[in-house]
Amino acid sequence: MSELILYNSLTGQKEKFEPIYEGKVGMYVCGPTLYSEPHMGNMRTFINFDLIYRYLLFSGFKVKYVRNITDAGHITNSLGEAEDSIGKAARLEQLQSLEIVYKYNVKFQELQRIYNLLPPSIEPTATGHIQEQIEIIEKIIENGFAYAVNGSVYFDVRRYCEKFEYGILSGRKIDELAEETRVLNAQEEKRFFADFALWKKANPDDMQIWRSPWGDGNPGWHIECTAMSTKYLGSQFDIHGGGMDLKFPHHEDEIAQSCGSFGCNPARYWLHANMLNVNGQKMSKSFGNYFLPKEIVDGTTNIFSKPFPPHVIRFCMMQAHYRSTLDLSEESLSAAEKGLNRLCDAVDLMNKLKPTVSSSFDVETLIQSFYDAMNDDFNAPILIAQLFEAAKKIFLISNGTETITKGDLDKLKIAVNGFLNDVLGISIQMESNNSKLAPVMDLVLELRQQARINKDWTTSDQIRDGLAAAGIEVKDGKDGTTWG
RNA sequence: GGUCUCGUGGCCGAGCGGCUAGGCACCGGUCUGCAAAACCGCUUACUCCGGUUCGAAUCCGGACGAGACCUCCA
């Protein structure tokens, strides 16, 4: 049995996974900011961490998976105009902030269901934890790593550097940062350019305002994650995940906040999922190359000529490693669709296989390769390649080239179904949802079969062509005719 | 401008010093009334130039190209 190895962004190396408490895993993943409907790129991250969550569960760990919902607008400072993202959306949509958050949360929850994401153990909201955030800020001030100015509170990066190292995750050096920073967004209040806000004094027209010891205001951009991860997982837990683009400054600042308040890095393993690319670029609203997870399923985006079912999209994503960028295209999706069909056919066939007295190949080794793939930093592409190996074996057993014993077949069934359904989260719904159509089709195909027996090709082809025109494809297999 | 990552066959993508994935497409075959589908087979591709090595897609140096981050971002 191989052991779980994962790539730790903190050290830049693959490391053996050793949980703090044996058999248990605490995992925190940065969730969405609900100022709009999450796009496909956002979904890829959540799907990837769903895979990781699923495999940890499958491996027998008791996992507490916390993924926050950011429902407090973070101040964006795009063109000198400071405005919080949710407040902005509210203004544009002429709704209240809470309506915006609620509206998009409903959509987000629906997407999770559509894409077969396991619900996290807890989905805490930022606004539900203002008090906790204030308490941590107070602690950081107490420890001397933050200061209050004019109703705002900033993290004191220079003081922090006297005791800790700022930039350990992203590999940035403070003095280099100074030169690199392109826009010094005129923060006269800050003592040092790299200081970041823990609490921001409210603007008179802010839609969401909270009371604090420093006056009315909003929590800073990074403090919510520190507050919620600490509350539900403790000051140090096993895995912290998120998208690659959160590495700096968000995760870096989380580390600073935790060190500044509790004296330790919040997570032992930092995992970062890579971006989804479309046309060679990160999917982003500003590039105009984004589409919504619902649109691709409904076929309402003009990027693709036809709709793709969610489990095909999931499968396609699983064929790339979570730390690699993935280019999603019509071609890669239809390739995934066909490949998945083949895999599903094999699974179907597996249940009808007839065992013999001996196995002509080593089933244990094949099954072990599934575990080895996932234990090596959740390498789903390799897992899928091995599942295709299994599929090939199944077909060969079926046509008599290979053989398998009853015991081996049972093991194979459990493993293949387990990895496909529980780990990859690809649920194969073979059920036809056309309960009224099914008997009609049975009748039609029986009539066609009669015609075929009578060598009445005109009639049988007429039926086939007619059905094809109606979008129903008829396939004459060895064991009868199927449709779909 | 700074920091970093990456360049694999027609496409998507693993691998990360020798055993040279996988899927899709193409092509050949089996099956079939025809078609489609399905199944079988399909025999080395790693940007370029140097270097290290018995041996490099894999390590080192350089060139070119692409991307991410440095600002809200999954």
Side-chain angles (χ1 to χ4, degrees), chain A residues 12 29-33 35 38-49 70 73-79 82-85 88 167 170-173 176-185 221 241-250 272-277 280-286 315-316 319-321 323-343 345-346 349 369 373 376 379-389 391-392 395-396 398-399 401 452 455-457 460-461 464-465 468 473-479 481-482 484:
Chain A
V29 171
C30 294
T33 300
Y35 63 97
H39 64 230
M40 207 60 230
N42 298 309
M43 282 310 284
R44 153 122 122 135
T45 299
F46 301 133
I47 288 172
N48 274 141
F49 281 102
T70 297
H74 293 161
I75 311 298
T76 57
N77 206 336
S78 46
L79 291 164
E83 187 170 27
D84 95 85
S85 47
K88 186 178 175 185
S170 54
R172 284 165 206 276
K173 301 271 179 290
E176 283 172 3
L177 265 173
E179 302 160 18
E180 293 162 19
T181 305
R182 281 187 301 195
V183 190
L184 294 171
N185 36 341
W221 315 342
M244 205 76 109
D245 50 355
L246 293 183
K247 216 170 175 182
F248 187 90
H250 183 61
H272 289 96
N274 218 138
M275 302 292 101
L276 180 67
N277 286 184
Q281 269 184 317
K282 169 182 163 180
M283 176 175 277
S284 156
K285 289 189 180 173
S286 44
F315 186 71
C316 186
Q319 281 184 294
H321 188 91
R323 280 193 289 116
S324 301
T325 54
L326 168 66
D327 257 288
L328 210 57
S329 65
E330 173 115 17
E331 252 184 318
S332 63
L333 280 167
S334 30
E337 184 164 44
K338 286 177 185 161
L340 182 57
N341 279 340
R342 193 171 117 88
L343 215 45
D345 287 346
L349 192 59
S369 73
D376 183 14
N379 199 326
I382 296 285
L383 167 61
I384 290 174
Q386 292 307 316
L387 287 173
F388 275 108
E389 287 304 315
K392 178 162 281 184
F395 290 126
L396 290 174
S398 172
N399 72 19
T401 311
R452 293 181 75 208
K455 295 196 193 295
D456 178 5
W457 310 126
S460 78
D461 287 357
R464 185 173 67 197
D465 296 346
E473 196 179 21
V474 173
K475 300 175 194 171
D476 296 322
K478 269 181 197 160
D479 313 315
T481 300
T482 57

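OP1 or OP2 of rG15(B) has at least one side-chain nitrogen or oxygen of Asn379(A) nearer than 4.0 Å.
By the stacking rule of 5.5 Å between ring centres and under 30° between planes, Phe46(A) does not stack on the base of rA74(B).
Along RNA chain B, the nucleotide closest to Ala273(A) and the one closest to Ser324(A) are compared, and the more 5′ of them pairs with Ser324(A). Checking Ser460(A) against His39(A), the closest nucleotide of RNA chain B that is more toward the 5' end is the one next to Ser460(A).
To the nearest whole angstrom, the two C1' atoms, one in rC16(B) and one in rU5(B), are 15 Å apart. Only the P atoms considered, rA56(B) is 27 Å distant from rC42(B), to the nearest whole Å. Remark: the separation of the P atoms in rA25(B) and rC40(B) is 13 Å, to the nearest Å. Taking the P atom of each, rG67(B) and rG29(B) are spaced 44 Å apart, rounded to whole Å. Rounded to whole Å, the P atom of rC59(B) lies 12 Å from the corresponding atom of rG15(B). Distance check on atom C1': rG22(B) versus rG62(B) gives 34 Å, rounded to whole Å.
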query = Does the side chain to side chain contact (heavy atoms under 4.5 Å, CB included) test come out yes or no for Thr45(A) and Phe49(A), once each step is laid out?
reply = CA-CA 6 Å; Thr45(A) 299; Phe49(A) 281 102; 3.8 Å; yes
inquiry  = Could you spell out the base pairing of RNA chain B as a dot-bracket line? Use Watson-Crick and G-U wobble contacts where both distances are under 3.5 Å, [ ] for crossing pairs, | for partners on a different strand.
reply    = (((((((..(((.....[...)))..((((.......)))).....(((((..]....))))))))))))....
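Per the geometry, CG belonging to Asn277(A) stands 14 Å off P belonging to rG7(B), to the nearest Å. Rounded to whole Å, atom P of rG22(B) lies 10 Å from atom CD1 of Ile382(A). At whole-Å resolution of the value, CZ in Arg323(A) and P in rC16(B) are 11 Å apart. Look at CG on Leu276(A): it is 13 Å from C1' on rC12(B), rounded to the nearest Å. Rounding to whole angstrom units, NZ of residue Lys247(A) and C1' of rA74(B) are separated by 14 Å. In this entry the distance linking CG of Leu343(A) with C1' of rG22(B) reads 11 Å, nearest Å. Atom CE in Met244(A) sits roughly 14 Å away from atom C1' in rC73(B) (whole-Å rounding). We find that NZ of Lys455(A) is positioned 7 Å from C1' of rG33(B), with the value rounded to whole Å.
Nucleic acid contact for Thr45(A): base, since at least one base atom lies under 4.0 Å from a heavy atom of the residue. Residue contacts shown for Glu337(A) are absent, as no nucleic acid heavy atom lies under 4.0 Å away. Residue contacts shown for Gly41(A) include a base, since a base heavy atom lies under 4.0 Å away. Within 4.0 Å (heavy atoms only), Met275(A) reaches at least one base atom of the nucleic acid.
In this structure, the nucleotide among rG13(B), rA14(B), rA74(B) sitting nearest to the side chain of Lys282(A) is rA74(B). Distance from the side chain of Arg172(A) is smallest to rC69(B) among rC69(B), rG33(B), rA14(B). Comparing atom distances between the Leu246(A) side chain and each of rC34(B), rC40(B), rA74(B) picks out rA74(B) as nearest. Among the nucleotides rG22(B), rA74(B), rA14(B), the one closest to the side chain of His321(A) is rA14(B). Proximity note for Asp245(A) (side chain, C-beta onward) versus rA14(B), rA74(B), rA35(B): the nearest is rA74(B). The side chain of Ala385(A) approaches rA21(B) more closely than any other nucleotide in the set rA21(B), rA38(B), rG41(B).
Between the Ser332(A) side chain and the Leu328(A) main chain, no donor and acceptor come within less than 3.5 Å of each other. Asp376(A) contributes no side-chain N or O that, together with a main-chain N or O of Asn379(A), makes up a donor-acceptor pair within less than 3.5 Å.
Remark: Arg342(A) does not engage Asp345(A) in a salt bridge, criterion side-chain N to carboxylate O under 4.0 Å.
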Pairwise N/O distances under 3.5 Å, protein to nucleotides 24-29 of chain B:
residue: rA25(B); atom: OP1; partner: Lys338(A); partner atom: NZ; Å: 3.4

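For the pair Leu246(A) and Cys30(A), the tightest heavy-atom approach, listed with the atom from each and the gap, is CD1-CB, 3.6 Å.
Scanning atom types as modelled, no donor and acceptor separated by under 3.5 angstrom connect the side chain of Asp327(A) and the base of rG13(B).
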